[in-house]
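Since the structure is predicted, the reported quantities are computational estimates derived from the model, not experimental observations. We name chains A, B, ... by the order of the sequence lines, and we start the count at 1 in each one.
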There are 2 protein chains.
Amino acid sequence: MSQATSEAIELCEEDRLSLIRDVLERIGDKWSVVVICQLDDTTRRFNELSRMSKPITKRMLSATLQGLERDGLVTRTVHDAKPPRVDYALTPRGMSLLSVVRALAGWAENNAAGIVESRAAYDAR
Amino acid sequence: MSQATSEAIELCEEDRLSLIRDVLERIGDKWSVVVICQLDDTTRRFNELSRMSKPITKRMLSATLQGLERDGLVTRTVHDAKPPRVDYALTPRGMSLLSVVRALAGWAENNAAGIVESRAAYDAR
DNA sequence: CCGGATCCTCATGGATACTG
DNA sequence: CAGTATCCATGAGGATCCGG
């Protein structure tokens with residue numbers, strides 16, 4: 001660990017690869033990023049997220065939120081009232097992840113057109 | 001393209017979300033990131049990648065490389081010799097993606113410990 | 001309103017064998 | 001060496017119904 005390969009980010013060895021894979025399994029599923037983006041800096045209720053993230057099902061929203069909560073990326077607060085009300089919000093860790101996801105979005109935005117072009121060329125043999 | 005939405009990265013609306021999903025479908029599969037990392041700044045032969053990326057199967061390596069080539073992320077060059085020899089390398093676009101992936105790795109590295117901790121706490125109810 | 005429990009489908013990807 | 005072809009297990013995730 002005290003390897004300190006000179007500085008900053010170095011290479012892609014074993015450990016680093018598995019770290020990346022972990023993160024990808026975290027945000028690589030179908031709904032995590034969507035939910036995280038919807039929670040951007042505000043707190044939202046379950047049905048609110050459900051509507052905003054259509055066509056997600058309640059089942060998947062629930063599962064996604066639990067996963068995110070488990071990893072300390074969102075908080076879940078239950079207000080006992082009638083009707084029941086549950087609020088979700090990003091933790092600081094969740095927000096930091098959001099910023100990384102935005103970096104991804106930036107890359108996607110810059111390269112989307114080129115990729116579409118490459119695909120067309122490739123598919124035309 | 002010359003859109004220039006005032007500045008920088010804005011928010012997570014519909015379009016942006018689907019862009020992110022596209023990128024995640026690209027690198028979210030089981031082997032793309034591994035292969036991209038192995039191709040880091042050098043060119044590699046098929047079997048070389050196969051060995052380095054164990055336990056990938058030839059089938060998946062082939063499929064992964066084809067996908068990456070289709071998106072213009074790697075180049076495939078065939079030298080007709082005996083025995084046959086095929087070289088793979090990152091394109092500039094592929095390298096730019098690699099740097100984004102490294103950002104992901106950085107986040108993972110900084111938060112891995114905290115996430116493990118959160119999970120333990122959560123699983124203990 | 002906020003989910004949990006079940007059932008079922010379908011794509012990802014592993015194993016294996018064969019080819020130029 | 002550099003793949004392709006085939007078959008098959010597994011699990012993510014959609015649909016639906018039920019409960020607090």
Side-chain angles (χ1 to χ4, degrees), chain A residues 17-18 20-36 38-39 42-71 74-89 122-123 125, chain B residues 17-18 20-36 38-39 42-71 74-89 122-123 125:
Chain A
L17 271 175
S18 73
I20 300 178
R21 293 253 74 247
D22 286 348
V23 152
L24 285 178
E25 279 175 19
R26 168 70 289 178
I27 65 174
D29 63 7
K30 201 167 181 186
W31 299 107
S32 288
V33 213
V34 177
V35 171
I36 288 176
Q38 249 67 0
L39 283 176
T42 48
T43 135
R44 305 236 178 243
R45 304 179 49 183
F46 187 87
N47 267 7
E48 202 174 353
L49 286 170
S50 183
R51 280 188 304 273
M52 298 176 62
S53 311
K54 289 242 178 212
I56 195 178
T57 63
K58 311 251 177 206
R59 177 173 114 74
M60 286 317 295
L61 179 56
S62 181
T64 301
L65 286 169
Q66 282 179 30
L68 295 173
E69 187 195 1
R70 186 169 111 100
D71 286 0
V74 310
T75 58
R76 174 177 188 270
T77 50
V78 184
H79 311 269
D80 42 337
K82 235 180 2 181
R85 172 198 181 104
V86 182
D87 284 342
Y88 294 93
Y122 184 94
D123 292 343
R125 292 302 172 283
Chain B
L17 271 175
S18 71
I20 300 177
R21 293 253 72 248
D22 286 348
V23 128
L24 286 178
E25 279 176 17
R26 169 72 292 192
I27 65 176
D29 62 8
K30 200 166 182 187
W31 299 107
S32 287
V33 210
V34 176
V35 171
I36 288 176
Q38 249 66 359
L39 283 176
T42 48
T43 135
R44 305 235 179 245
R45 304 177 50 179
F46 187 87
N47 268 7
E48 202 174 352
L49 286 170
S50 183
R51 279 188 304 272
M52 297 178 63
S53 311
K54 287 240 176 208
I56 196 177
T57 63
K58 310 244 176 211
R59 178 172 111 75
M60 287 316 295
L61 179 56
S62 179
T64 301
L65 285 169
Q66 283 178 28
L68 294 174
E69 188 194 0
R70 186 170 109 100
D71 285 0
V74 310
T75 57
R76 175 179 188 268
T77 50
V78 184
H79 312 268
D80 41 337
K82 234 180 4 178
R85 174 199 180 101
V86 182
D87 284 342
Y88 294 92
Y122 184 94
D123 293 344
R125 294 301 176 282

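- A distance-only check finds no donor-acceptor pair linking the side chain of R76(A) to the backbone of E69(A) [under 3.5 Å].
- Judged by distance alone, the side chain of R44(B) and the main-chain N or O of S50(B) form no donor-acceptor pair under 3.5 Å.
- At a threshold of 4.0 angstrom between heavy atoms, the contacts of E48(B) with the nucleic acid are absent.
- Following rounding to the nearest Å, K58(A) (NZ) and dG20(D) (P) show an atom-to-atom distance of 18 Å.
- Computed from coordinates, the K82(A) NZ to dC2(C) P distance equals 16 Å when rounded to whole Å.
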| task | Could you walk me through whether L39(A) and V74(A) pass the side-chain contact (heavy atoms from CB on, under 4.5 Å) test, one step at a time? | result | CA-CA 9 Å; L39(A) 283 176; V74(A) 310; 3.7 Å; yes
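- At the heavy-atom level, E25(B) lies nowhere under 4.0 Å from the strands shown.
- Comparing L65(B) and M60(A) against DNA chain D, the residue whose closest nucleotide sits nearer the 5' end is L65(B).
- The side chain of R76(A) lies closest to dG3(C), out of dA2(D), dT4(D), dG3(C).
- Among the atoms of the strands shown, only primed sugar atoms or phosphate atoms (P, OP1, OP2) are found under 4.0 Å from some heavy atom of R45(A).
- D80(B) has its CG atom 14 Å from the C1' atom of dA2(D), to the nearest Å.
- With distances taken from any side-chain atom of F46(A) to the nucleotides dG3(D), dC2(C), dG14(C), the minimum falls on dC2(C).
- Contact annotation: Q66(B) side-chain N/O to dT4(D) OP1/OP2 distance is under 4.0 Å.
- Of the side-chain N and O atoms in K30(B), one or more sit less than 4.0 angstrom from OP1 or OP2 of dG14(C).
- With rounding to whole Å, H79(B) atom NE2 is found 11 Å from dG3(D) atom P.
- When the nearest nucleotides of DNA chain C are assigned to G28(B) and Y88(A) by heavy-atom distance, the more 5′-ward of the two goes with Y88(A).
- Atom C1' of nucleotide dT12(C) and atom CG of D29(A) are separated by 15 Å, given to the nearest angstrom.
- Counting heavy atoms of neighbouring residues, nucleotides and ligands inside a 6.0 Å radius, atom CG of D80(B) does not exceed 12 of them.
- Considering only side-chain N and O atoms, S62(B) lies nowhere under 4.0 angstrom from the phosphate OP1 or OP2 of dA2(D).
- Across the protein-nucleic acid pair, R85(B) atom CZ and dC1(D) atom P stand 12 Å apart, rounded to whole Å.
- A distance of 8.5 Å separates CZ of R51(B) from CZ of R45(B), quoted to the nearest 0.5 Å.
- Mapping R59(A) and P83(A) onto DNA chain C via the closest heavy atom, the residue that lands nearer the 5' end is P83(A).
- In this structure, the CG atom of L61(A) is 15 Å from the P atom of dA15(D), given to the nearest Å.
- Rounded to an integer number of Å, the gap from I56(B) CD1 to dT12(C) P is 15 Å.
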